[in-house]
Amino acid sequence: MTTITDLYPSRGATEVAVPRQDPVFWGSPETRGPITPAELQGYERDGFLPVEELITEDEVAVYRQELDRIIADPATRADERSIVEPKSQEIRSVFEVHRLSQVFANLVRDERVVGRARQILGSDVYVHQSRINVKPGFGASGFYWHSDFETWHAEDGLPNMRTVSVSIALTENFATNGGLMIMPGSHHTFLGCAGETPADNYKKSLQMQDAGTPSDEALTKMAGEYGIRLFTGKAGSATWFDCNCMHGSGDNITPFPRSNVFIVFNSVENEAVEPFAAPVRRPEFIGARDFTPVR
Ligand code: 6CS
Ligand code: FE
């Protein structure tokens with residue numbers, strides 16, 4: 001039994017920052033793909049890559065229709081893969097959309113999507129997690145500051161930072177309706193959070209994350225050093241971001257939903273092992289255990 005070194009300790013007694021020990025861009029400059037060398041440099045530096053139009057307006061309509069179908073289906077609410085808003089009890093997120101919907105399965109394997117993931121991660125990739133975030137209007141709650149990798153390492157057992165997310169807007173992301181915010185450059189430091197992972201943490205954390213959230217002091221220091229970038233864009237725009245970016249999003253009190261589809265690609269060279277800082281694994285619909293590469 002090979003023991004895997006924990007490069008990124010977290011969820012102990014105290015908060016501790018360590019430098020990132022993994023590359024951000026895993027491909028080689030010769031790796032061909034949809035992302036240009038200049039864009040790759042920006043991604044390496046900032047931890048994110050905005051794409052103004054990843055899918056066309058006509059295509060967005062197809063995915064919006066599918067999203068509306070999924071959230072209107074009574075079976076969805078009964079499905080453990082859907083999470084409701086704490087206040088309104090409206091559907092907040094539906095996980096594993098790439099499995100429950102052929103339409104979203106096709107989006108995952110679209111070369112404009114999986115091709116960029118393979119280019120960034122320098123290998124074949126599988127889907128670690130997918131979800132639609134509905135973020136309806138009139139008070140949908142946001143997602144507090146966090147690093148996804150901190151959770152995916154601590155609770156899902158991803159050993160290295162060889163994971164990339166893409167958030168594709170299915171409705172217009174205005175400056176006002178709870179868009180994604182990222183601290184540019186924050187991905188170069190891993191912030192290990194204080195506080196043990198409670199059992200069944202996901203039942204709460206997917207509504208309001210607690211374990212794995214940074215202290216006010218750490219956030220103040222990081223925001224002062226990196227600033228905060230808010231992502232806006234038309235439906236069909238997208239943001240690719242490294243798994244270790246410090247990011248979050250605010251509540252949406254406007255009448256305009258901020259719905260997106262969120263796909264997490266992990267390298268097949270970085271398969272999940274046992275959680276590094278949690279008593280048990282999370283369910284497979286949140287942290288995949290099927291490592292079949294996307295074809
Ligand atoms: O716990 C997770 O895996 C999810 N939570 C958040 C707030 N972002 C990443 C991921 O979807
Ligand atoms: Fe996140």
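Counting starts at 1 for both ligands and their atoms, following the listed order. In this chain, residues are counted from 1 in sequence order.
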K.L.:
For atom 8 (N) of ligand 1, which of the options Asn133, Asp156, Asp148, Thr213 provides the nearest non-hydrogen atom?
P.N.:
Asp148

K.L.:
Does Leu206 approach ligand 1 within less than 4.0 angstrom via side chain, backbone, both or neither, non-hydrogen atoms only?
P.N.:
side chain

K.L.:
As an exercise, identify every atom of ligand 1 less than 4.0 angstrom from a heavy atom of Thr151.
P.N.:
1 (O)

K.L.:
Which single N/O/S atom of Asp148 lies at minimum distance from the Fe ion (ligand 2)?
P.N.:
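Minimum-distance N/O/S atom of Asp148 relative to the Fe ion (ligand 2) is OD1.
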
K.L.:
Suppose I only count heavy atoms of Phe143 and a 4.0 Å limit; which atoms of ligand 1 are within that range?
P.N.:
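Atoms satisfying the 4.0 Å criterion: 7 (C).
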
K.L.:
For Ser123 and Ser267, does a side-chain donor sit closer than 3.5 Å to a side-chain acceptor?
P.N.:
yes

K.L.:
Using only heavy-atom distances, determine whether the side chains of Glu96 and Ser130 contain a donor-acceptor pair under 3.5 Å.
P.N.:
no

K.L.:
Once the angle between the rings of Phe276 and His153 is folded into 0 to 90°, is it parallel (under 30°), tilted (30 to 60°) or perpendicular (over 60°)?
P.N.:
parallel

K.L.:
Going by the side chain to side chain contact (heavy atoms under 4.5 Å, CB included) test, name the single residue among Ile70, Thr76, Asp73 that passes it with Ser82.
P.N.:
Thr76

K.L.:
Quick test: of every protein heavy atom, which one is nearest to atom 10 (C) of ligand 1, and how far off is it to 0.1 Å?
P.N.:
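Nearest neighbour among protein heavy atoms for atom 10 (C) of ligand 1, to 0.1 Å: Gln129 OE1, 3.2 Å.
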
K.L.:
Just need the protein heavy atom nearest to atom 11 (O) of ligand 1, so name the residue and atom and give the distance.
P.N.:
Arg131 NH1, 2.4 Å

K.L.:
With a cutoff of 4.0 Å, is Glu155 in contact with ligand 1, counting heavy atoms of the residue only?
P.N.:
no

K.L.:
Determine the minimum heavy-atom distance between Gln129 and Trp152, stating which atoms define it.
P.N.:
NE2-NE1, 3.8 Å

K.L.:
Taking the six-membered ring for Trp and the full ring for Phe, Tyr or His, determine whether the centres of Phe231 and Phe48 are under 6.0 Å apart.
P.N.:
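Yes, the ring of Phe231 comes within the 6.0 Å limit of the ring of Phe48, centre to centre.
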
K.L.:
Hey, are Thr220 and Glu217 close enough side-chain-wise for a donor-acceptor pair under 3.5 Å?
P.N.:
no

K.L.:
Between Phe174 and Phe256, is the gap from one ring center to the other below 6.0 Å?
P.N.:
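Yes; Phe256 has its ring centre under 6.0 Å from that of Phe174.
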
K.L.:
Is the closest heavy-atom distance from Phe262 to ligand 1 below 4.0 Å?
P.N.:
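Contact check Phe262 vs ligand 1: positive.
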
K.L.:
With a cut-off of under 6.0 Å to the ring centre and 45° to the axis, is Arg20 in cation-pi contact with Tyr8?
P.N.:
no

K.L.:
Can Trp152 be said to touch ligand 1, with heavy atoms closer than 4.0 Å?
P.N.:
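A heavy atom of Trp152 does come that close to ligand 1.
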
K.L.:
Any non-hydrogen atom of Val264 lying under 4.0 Å from ligand 1?
P.N.:
no

K.L.:
Which residue owns the protein heavy atom closest to atom 1 (O) of ligand 1, what's the atom, and how far is it?
P.N.:
Arg282 NH1, 3.0 Å

K.L.:
Of the choices Glu150, Met208, His146, which has the non-hydrogen atom that lies closest to atom 7 (C) of ligand 1?
P.N.:
His146

